[in-house]
Number of protein chains: 2
Amino acid sequence: MTETDVPIPRMKAHDRRELVIESATAVFGDYGYYGTTTDQIARAAGVSQPYVVRMFGTKEKLFVEVLERALVLLLGSFRRALANDDGQPLQRRLGLSYVGLLEHRGLLLSLMHAFVLGSDPVIGERARQGFLQVYEFLRTEAGMTSTEAGLFLAGGMLSNTMIGLRMTDMDSSDPIAHELLEACFPEKLEVVVELGDTYRPDPK
Amino acid sequence: MTETDVPIPRMKAHDRRELVIESATAVFGDYGYYGTTTDQIARAAGVSQPYVVRMFGTKEKLFVEVLERALVLLLGSFRRALANDDGQPLQRRLGLSYVGLLEHRGLLLSLMHAFVLGSDPVIGERARQGFLQVYEFLRTEAGMTSTEAGLFLAGGMLSNTMIGLRMTDMDSSDPIAHELLEACFPEKLEVVVELGDTYRPDPK
DNA sequence: GACATTAGTAATCGTTTGATAACCTGTCAA
DNA sequence: TTGACAGGTTATCAAACGATTACTAATGTC
């Protein structure tokens with residue numbers, strides 16, 4: 001009966017909020033906006049479901065927050081890669097910067113989910129705006145032509161699709177899948193597969 | 001009180017089934033697997049909700065059916081474009097064939113939704129398989145190199161993203177958006193915008 | 001014209017889900 | 001020491017959703 005009353009850990013609201021947004025990003029990345037429940041997010045963050053809802057008002061506001069943070073991180077990462085000129089061509093620097101974002105679990109996938117929800121009045125509007133922001137970065141800040149930017153974005157969308165499909169799971173077993181992945185991630189496949197492994201453990 | 005009892009129209013089961021699959025494709029394309037309700041599909045097809053469910057067993061089975069039909073139509077369209085050599089380069093023929101699929105409302109978007117649901121044991125598995133099928137077509141039947149196939153698929157995924165974002169809605173108002181769309185659909189923008197108009201009326 | 005089959009609907013049910021309300025409890029300043 | 005605020009929780013709810021059951025009305029056939 002010696003109730004060793006271990007003190008319940010408490011975080012500052014700001015830190016907890018960050019943690020919830022990160023957890024939400026991961027879960028939204030797996031199941032999308034509609035497929036994710038606030039309870040899943042709460043359990044991933046180690047808090048109660050009502051707390052998650054109250055923290056952001058609604059599930060939709062939380063998703064928009066996730067979307068906005070993802071765009072900030074993406075553009076920040078690109079700007080750093082742009083400034084940090086190590087002699088390699090720009091396309092490659094940005095490309096590596098992009099796959100580096102896989103470390104933020106669910107970030108690129110949450111973006112991708114948002115990108116196919118254009119008919120939603122709130123999420124769709126923000127997603128369009130975000131995509132245009134990225135395009136404008138490539139055109140003005142990175143100095144790409146519209147064709148170059150288009151090719152770069154196309155590669156990004158294909159990457160997202162491969163990640164979304166969990167195609168890296170088939171990399172070792174299926175030779176066709178392996179070849180496809182080689183074509184999708186020229187010179188960076190090892191990185192992607194390794195980072196992709198982080199994605200494994202997530203029981204619904 | 002002369003009840004002009006107009007006979008309620010009835011369809012053959014097969015035709016009704018096709019109609020429901022088409023309606024489901026459209027709605028799934030807008031809201032994704034989780035975001036779509038069987039009742040939305042039922043109303044779109046003009047039948048009752050229980051009928052939709054009983055026809056396919058479960059919502060998941062209906063989605064898989066939609067996914068499989070989409071892949072059949074996609075590959076069929078590609079094969080026709082491949083066989084029908086009008087002198088234009090293959091990439092362009094396949095590209096036009098691809099945007100032609102926009103006439104099937106929701107088809108490409110349902111595929112896209114499936115492609116980003118790779119963590120789902122049923123849908124994900126079928127989606128991976130389907131994507132590989134397309135890649136294999138490009139490599140073996142269409143005779144592309146892995147690099148060519150990768151570039152082609154990348155363009156396709158970018159197209160899907162533009163459609164999913166409803167970026168064509170901003171085409172006329174935002175000059176940046178217009179430039180982006182020009183870069184995404186070289187020489188086929190008019191077609192896309194026109195077909196995109198079909199996508200307008202869909203109150204939730 | 002009976003009658004079986006086919007093409008549906010109406011009613012309803014158990015869960016799940018996002019959200020609300022009410023309460024609890026460390027922490028810290030005065 | 002007290003009291004107030006910050007950081008949570010438990011209990012609960014109404015609505016929405018997928019699914020099941022039982023029923024009904026057209027259609028084709030002998």
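In what follows, chains carry the letters A, B, and so on, assigned in the order in which the sequence lines appear, proteins first and then strands, with residues in each chain numbered from 1.
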Quiz item: D:dA19 C1' sits how many Å from B:Lys61 NZ, rounded?
Solution: 12 Å

Exercise. Would you mind reporting whether B:Val53 and B:Lys59 have side-chain heavy atoms less than 4.5 Å apart?
Key: no

Quiz item: D:dG18 C1' sits how many Å from B:Arg43 CZ, rounded?
Solution: 14 Å

Practice problem: Would you kindly give the CD-to-P distance between A:Gln40 and C:dT17, to the nearest whole Å? | Solution: 7 Å

Self-check item: Gap between atoms CE and P, on B:Met11 and D:dA26 respectively (whole Å)
Solution: 17 Å

Practice problem: Fit a plane to each ring of A:Tyr98 and A:Phe78, take the angle between them on a 0 to 90° scale, and name the class: parallel (under 30°), tilted (30 to 60°) or perpendicular (over 60°). | Solution: tilted

Quiz item: So do the side chains of A:Glu179 and A:Ile176 get within less than 4.5 Å of each other, counting heavy atoms only?
Solution: no

Self-check item: Side chain to side chain, A:Thr168 and A:Met162, heavy atoms closer than 4.5 Å
Solution: no

Each nucleotide N or O in nucleotides 21-24 of chain D that has a protein N or O under 3.5 Å away: list the pair and distance.
none

Exercise. Look at B:Arg126 together with B:Glu60 and state whether they make a salt bridge at an N to O cut-off of under 4.0 Å.
Key: no

Quiz item: Taking the side chain of A:Gln49 as heavy atoms from C-beta outward, which of C:dG18, D:dA19, C:dG26 is closest to it?
Solution: C:dG18

Quiz item: Do any of residues 13-29 of chain A sit with a heavy atom less than 4.0 Å from DNA chain D, and if so which?
Solution: A:Ala13, A:Arg16

Quiz item: What's the CG-C1' distance between A:Leu62 and C:dT17, to the nearest Å?
Solution: 15 Å

Quiz item: How many angstroms lie between OG1 in B:Thr161 and CG in A:Leu111, if you round to the nearest 0.5 Å?
Solution: 11.0 Å

Self-check item: D:dC17 OP1/OP2 closer than 4.0 Å to side-chain N/O of B:Thr38
Solution: no

Practice problem: Among A:Thr36, A:Ile41, A:Leu67, find the residue that satisfies the side-chain contact (heavy atoms from CB on, under 4.5 Å) test when tested with A:Leu62. | Solution: A:Ile41

Quiz prompt | Nearest-angstrom distance from the residue atom OH of A:Tyr31 to P of C:dT16 | solution = 16 Å

Quiz item: What nucleotide among C:dA19, D:dT20, D:dT9 has an atom nearest to a side-chain atom of A:Tyr51?
Solution: D:dT9

Exercise. For B:Tyr33 and D:dC17, give me the distance from atom OH to atom C1', rounded to whole Å.
Key: 12 Å

Self-check item: Criterion side-chain contact (heavy atoms from CB on, under 4.5 Å) against B:Glu22, the qualifying member of B:Arg69, B:His104, B:Arg105
Solution: B:Arg69

Self-check item: Whichever of B:Lys59 and A:Ser48 has its nearest DNA chain D nucleotide further upstream toward 5'
Solution: A:Ser48

Exercise. For A:Ser110 and A:Thr25, run side-chain hydrogen bond (donor to acceptor under 3.5 Å, both in side chains): C-alpha distance rounded to whole Å, both residues' side-chain angles, the deciding distance at 0.1 Å, then the answer.
Key: CA-CA 6 Å; A:Ser110 289; A:Thr25 304; 5.3 Å; no

Quiz item: Considering only side-chain heavy atoms of A:Thr37, which listed nucleotide, D:dT9, C:dG18, C:dA7, is closest?
Solution: C:dG18

